[in-house]
Amino acid sequence: MPDGELKDAIAKSREAYIDARTLWGDMFSMQYVSLFLEQDKAIYSKYNVDRQYLDTANSRQFAKTIDMNMSMILKPAWEVGKERLERAEKIANDKG
């Protein structure tokens, strides 16, 4: 397998973990769910975040991010990061 495939898998894994870190930080720095969802839509939309949960979390006026279930937001990005890292590991092991 070409080196490009390994580098791509590592880069995509890194991107997913960086996205999770961004979501984590923004959940703490933004007080309201509506602001968080508006700012980070491009990020959480890349992952399989439960849209019904997001709608429910945002349904209360002035809902606070501190009351959100962080794992519902972060776990999908973590899973993608892990899957891509495992793919990179497989590529590296197949070369050796």
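Everything numeric in this text was worked out from a predicted model, so none of it was measured.
For I10, the side chain to side chain contact (heavy atoms under 4.5 Å, CB included) test picks out L6, A88, with sequence neighbours left out. Under the salt bridge (charged side-chain N to carboxylate O under 4.0 Å, His left out) criterion, D55 pairs with no residue, sequence neighbours left out. D19 meets the side chain to side chain donor-acceptor pair (under 3.5 Å) test with K46, Y47; sequence neighbours excluded. Residues satisfying the side chain to side chain donor-acceptor pair (under 3.5 Å) test with S59, not counting sequence neighbours, are none. The ring pair (Phe, Tyr, Trp, His ring centres under 6.0 Å) test applied to F28 returns W24, not counting sequence neighbours. Residues meeting the side chain to side chain contact (heavy atoms under 4.5 Å, CB included) test with Q61, sequence neighbours left out: none. Contacts of E38 classified as salt bridge (charged side-chain N to carboxylate O under 4.0 Å, His left out), with partners at least two apart in sequence or in another chain: none. In this structure, the salt bridge (charged side-chain N to carboxylate O under 4.0 Å, His left out) partners of D8, at least two apart in sequence or on a different chain, are K12. N69 pairs by the side chain to side chain donor-acceptor pair (under 3.5 Å) definition with S71, not counting sequence neighbours. Scanning for salt bridge (charged side-chain N to carboxylate O under 4.0 Å, His left out) contacts around R14 gives an empty result, with sequence neighbours left out.
In terms of heavy atoms, A63 sits closest to A57 at CB-O, 3.2 Å. Taking all atoms of both residues into account, the shortest heavy-atom contact from R51 to S45 is NH2-CA, 3.2 Å. Residues A16 and V80 approach most closely at CB-CG1, 4.0 Å, considering heavy atoms.
With hydrogens and angles disregarded, a donor-acceptor distance shorter than 3.5 Å links the side chain of Y17 to the backbone of K82. Not a single donor-acceptor pair under 3.5 Å links the side chain of S13 to the backbone N or O of A9. A donor-acceptor pair is defined here as one N or O able to donate and one able to accept, closer than 3.5 Å; no such pair exists between the side chain of R60 and the backbone of N58. A donor-acceptor pair is defined here as one N or O able to donate and one able to accept, closer than 3.5 Å; no such pair exists between the side chain of T65 and the backbone of V33. The backbone N or O of Y53 lies less than 3.5 Å from a partner atom in the side chain of D50, making a donor-acceptor pair.
When hydrophobic clusters are built by joining Ile, Leu, Val, Met, Phe, Trp and Tyr residues whose side-chain heavy atoms come closer than 4.5 Å, directly or via intermediates, I18 is not grouped with I73.
Applying the ring-ring contact (aromatic ring centres under 6.0 Å, His included) test to residues at least two apart or on different chains, none of the pairs has a partner in residues 63-95. Within the structure, side chain to side chain donor-acceptor pair (under 3.5 Å) pairs that include any residue of residues 28-37 do not occur (at least two apart or interchain).
Distance CE/M68 to CE/M30: 11.5 Å, rounded to 0.5 Å. Atom CE in M70 sits 11.0 Å away from atom CG in L23 (nearest 0.5 Å). Summarising the geometry, atom CD belonging to E15 is positioned 10.0 Å from atom OG1 belonging to T22; distances are rounded to the nearest 0.5 Å. Put simply, CE on M27 and CG on D40 are 9.5 Å apart, with the number rounded to the nearest 0.5 Å.
Between E89 and N93, some side-chain heavy-atom pair lies under the 4.5 Å cut-off.
Heavy-atom neighbours of I66 CD1 from other residues, nucleotides or ligands within 6.0 Å: at or below the threshold of 12.
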Is there a side chain to side chain contact (heavy atoms under 4.5 Å, CB included) between R87 and E5 once you walk through the steps?
-> CA-CA 10 Å; R87 172 76 179 134; E5 191 173 352; 2.4 Å; yes
